[in-house]
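All remarks here apply to the structure that follows.
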Amino acid sequence: MLLDIKMKNASKKIDTIIAFAIFIQSLLVVIQQTMIMVLHYESETTTVYRIAITAIAMVIAIIFSVKRKPKLFFITYLIAVVIILLHFEFFPDNQEYISYNITRFLLPVVIPSALCTICIKDITVINKVLKVISWSIVLIMAFYIYSYMKGLVVGNSEYNMSLSYGLLLPGLFLYSNKKIYSIIASIFLFLCILILGARGPMIAFLIFIAYDIVQSNKKMIFPVAILAIIVIGGMSTIMEFFGRLGFQSRTLNMFATGDFSSSSGRDEIYNKMINVMWDHPFGIGIFGDRVYLNGLYCHNIFLEIALNFGLIVFLGILVYSIVKFVKVYKASNKVYRNILVLFLVVGFIPLLISGSYLTDYNLGLFIGILTLIAKQNVSCVKHA
């Protein structure tokens with residue numbers, strides 16, 4: 001019995017180390033942006049720090065995870081390397097972008113984020129780790145906002161996309177805890193996104209809240225809808241209020257001027273890459289959109305996958321993904337369902353309008369969580 005307790009404690013410690021390593025990115029993003037905007041560090045210097053910490057954390061997580069599931073890592077990386085080599089051979093124009101992105105994002109961060117998540121044995125550890133990370137971010141953002149109001153923030157302070165995406169996971173996690181103090185902290189992070197960030201994370205935030213209200217408290221649908229109408233109608237007053245505090249929000253300005261639905265140039269990208277997709281129905285290879293867009297990505301995960309692998313493979317991936325998610329969702333209890341949707345919103349929804357699935361670690365986390373919960377569901381059935 002004593003030996004079993006020691007083994008469980010040791011296993012939980014390893015779970016905690018792995019979880020911190022793979023979920024620390026949100027905290028690192030917020031720290032990096034605070035160092036740049038408030039403490040006036042050079043961007044290149046903070047990038048070096050972030051890369052170094054990320055590398056150390058991921059190496060530690062990978063070492064522990066490989067010991068638990070060596071076959072999973074071997075097979076996954078074997079498949080990934082084969083796919084990369086084939087694309088390297090058959091799509092020579094993509095080689096520059098493949099070489100750059102797989103060594104910085106895909107192989108060392110995105111894939112390990114998924115695999116290491118799957119290797120966590122006790123899913124409750126994730127909740128504990130996210131609690132520490134989320135409250136740390138709240139404290140840092142309190143310092144950030146205080147500095148902003150004191151006029152200490154430099155640069156493009158009214159629009160920080162990286163910062164706002166870094167606040168999405170902790171904001172939703174705190175909201176999902178349903179404690180009064182955590183909801184207040186979540187609202188604070190949402191306001192930070194609204195004032196300082198992009199539309200994407202704000203929309204994702206609202207999608208999760210809408211889902212939660214429909215699932216958990218249908219009585220709140222009508223009051224929340226009325227509140228939303230009042231807020232939208234009073235947007236000019238809200239802007240004036242934040243303006244007095246010294247905030248100049250790009251998102252609020254877009255609301256006020258009617259440009260909130262503006263694609264910010266994405267329409268041109270979509271139209272161009274859709275034409276490329278029809279001209280190359282069997283795909284242009286991974287990172288092929290960068291070739292046609294001079295280093296930019298196409299800002300839509302569906303379009304990107306279709307361009308990378310062709311329409312037939314894309315449809316296969318799409319059908320499999322939907323069936324897998326629905327199957328796991330239906331088999332899950334309420335707690336697991338909320339976790340699934342939370343990570344769907346964080347890891348997938350933003351990729352509909354921004355980012356690239358080949359470089360976004362949040363998608364790796366979502367895939368890992370989906371697989372982990374599927375495994376937990378099977379385990380519960382066996383022990384029932």
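All values below come from the heavy atoms of this structure, side chains included, with hydrogens, waters and symmetry mates left out.
Atom OH of Tyr77 has more than 12 neighbouring heavy atoms from other residues, nucleotides or ligands inside a 6.0 Å radius. The number of heavy-atom neighbours closer than 6.0 Å to CG of Leu39, taken from other residues, nucleotides and ligands shown, is above 12. The number of heavy atoms from other shown groups lying within 6.0 Å of CD1 (Ile180) does not exceed 12. Heavy atoms from other residues, nucleotides or ligands lying under 6.0 Å from CZ of Phe88 number more than 12.
Although no hydrogens or angles enter the test, the distance criterion places no donor-acceptor pair under 3.5 Å between the side chain of Tyr297 and the main chain of Tyr357. Judged by distance alone, the side chain of Ser136 and the main-chain N or O of Val132 form a donor-acceptor pair under 3.5 Å. Using a distance-only test at 3.5 Å, with no hydrogens or angles considered, no donor-acceptor pair links the side chain of Asp360 to the main chain of Ser356. Using modelled atom types, no side-chain atom of Asn94 and backbone atom of Val291 make a donor-acceptor pair closer than 3.5 Å. Formation of a donor-acceptor pair under 3.5 Å by the Tyr270 side chain with backbone atoms of His299 is found in this model. Side-chain atoms of Ser164 come within 3.5 Å of backbone atoms of Met161 as a donor-acceptor pair (strictly under, hydrogens ignored). Judged by distance alone, the side chain of Lys12 and the main-chain N or O of Asp122 form no donor-acceptor pair under 3.5 Å. Looking at Ser354, its side chain never comes within 3.5 Å of a backbone N or O of Leu351 through a donor-acceptor pair. Asn300 places a side-chain N or O within 3.5 Å of a backbone atom of Leu352 that can act as its donor or acceptor partner. Not one N or O on the side chain of Ser65 forms a donor-acceptor pair closer than 3.5 Å with the backbone of Ile62.
No continuous path of ILVMFWY side-chain contacts below 4.5 Å connects Ile184 to Leu206, so the two sit in separate hydrophobic clusters. With hydrophobic clusters built from ILVMFWY side chains whose heavy atoms lie under 4.5 angstrom apart, Val313 shares a cluster with Phe91. A continuous path of Ile, Leu, Val, Met, Phe, Trp and Tyr side chains, each step under 4.5 Å between heavy atoms, connects Phe90 with Leu106, placing both in one hydrophobic cluster. Cluster annotation: Leu167 is connected to Tyr181 through the hydrophobic network of ILVMFWY side chains, with a link wherever side-chain heavy atoms come within less than 4.5 Å. Taken together through direct or relayed side-chain contacts under 4.5 Å among Ile, Leu, Val, Met, Phe, Trp and Tyr, Val335 and Leu372 form part of one hydrophobic cluster.
Val346 places none of its side-chain heavy atoms less than 4.5 Å from the side chain of Leu365. Taking 4.5 Å as the limit, some side-chain heavy atom of His87 sits within range of a side-chain heavy atom of Phe309. With a 4.5 Å cut-off on side-chain heavy atoms, Ile126 and Ile339 do not count as touching. At a threshold of 4.5 Å between non-hydrogen side-chain atoms, the residues Asn127 and Phe173 count as touching. Between Val29 and Arg50 the shortest side-chain heavy-atom distance falls below 4.5 Å. Between Tyr336 and Asn333, the closest side-chain pair of non-hydrogen atoms falls below 4.5 Å. Taking 4.5 Å as the limit, every side-chain heavy atom of Asn101 sits out of range of all side-chain heavy atoms of Ile286. In this structure, the side chains of Gln25 and Leu28 come closer than 4.5 Å at one or more pairs of heavy atoms.
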Inset, instruction - Would you check, one step at a time, whether the test ring pair (Phe, Tyr, Trp, His ring centres under 6.0 Å) holds for Tyr292 with Tyr97? - result: CA-CA 11 Å; Tyr292 286 86; Tyr97 298 107; over 10 Å; no
Legend entry - Steps toward side chain to side chain contact (heavy atoms under 4.5 Å, CB included) verdict (Met141, Val30): CA-CA 8 Å; Met141 287 309 301; Val30 174; 3.9 Å; yes
Inset, instruction - Show your working on side chain to side chain contact (heavy atoms under 4.5 Å, CB included) between Leu174 and Trp135 and close with a plain yes or no. - result: CA-CA 8 Å; Leu174 290 169; Trp135 281 107; 3.6 Å; yes
Inset, instruction - Carefully, step by step, assess Met149 and Ile145 under the rule side chain to side chain contact (heavy atoms under 4.5 Å, CB included). - result: CA-CA 6 Å; Met149 295 177 70; Ile145 294 299; 4.1 Å; yes
Legend entry - Derivation and outcome, side chain to side chain contact (heavy atoms under 4.5 Å, CB included), residues Phe23 and Ser134: CA-CA 10 Å; Phe23 288 105; Ser134 298; over 6 Å; no
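None of Leu115, Val110, Val109, Ile111 except one satisfies the side-chain contact (heavy atoms from CB on, under 4.5 Å) rule with Ser113; the exception is Val109.
Remark: Leu169 CG to Ile133 CD1 distance equals 8.0 Å, nearest 0.5 Å. Rounded to the nearest 0.5 Å, atoms CG (Leu311) and CG (Leu315) are 6.5 Å apart. Of the inter-residue distances, the one linking Leu172 atom CG with Asn338 atom CG reads 11.5 Å to the nearest 0.5 angstrom. Taken to the nearest 0.5 Å, the CG atom of Leu296 stands 11.0 Å off from the CZ atom of Arg266. Note: Lys71 NZ to Leu78 CG = 13.5 Å, rounded to the nearest 0.5 Å. For the atom pair Leu358 CG and Phe105 CZ, the distance stands at 11.0 Å (nearest 0.5 Å).
Between Phe205 and Phe190, the gap from one ring centroid to the other is short of 6.0 Å. A ring-centre distance under 6.0 Å is not found for His280 and Phe282.
Relative to the six-membered ring of Tyr175, Lys178 meets both conditions, a distance below 6.0 Å and an angle of at most 45° to the axis.
The aromatic rings of Tyr148 and Tyr144 sit tilted relative to each other, their planes meeting at an angle between 30° and 60°.
What you find for Ser147 and Val38 is that their closest heavy atoms are OG-CG1, 3.3 Å. When all heavy atoms of Asn160 and Met37 are compared, the pair lying nearest together is ND2-CG, 3.9 Å. Between Ser162 and Gln33, the shortest heavy-atom contact is CB-NE2, 3.8 Å. Nearest heavy-atom pair across Gly347 and Phe366 is CA-CB, 4.3 Å. When all heavy atoms of Pro201 and Tyr165 are compared, the pair lying nearest together is CD-CZ, 3.4 Å. When all heavy atoms of Leu168 and Pro350 are compared, the closest pair comes out as CD2-CG, 4.1 Å.
One finds a salt bridge joining Arg68 and Asp15 here, because a Lys/Arg side-chain nitrogen approaches an Asp/Glu carboxylate oxygen to under 4.0 Å.
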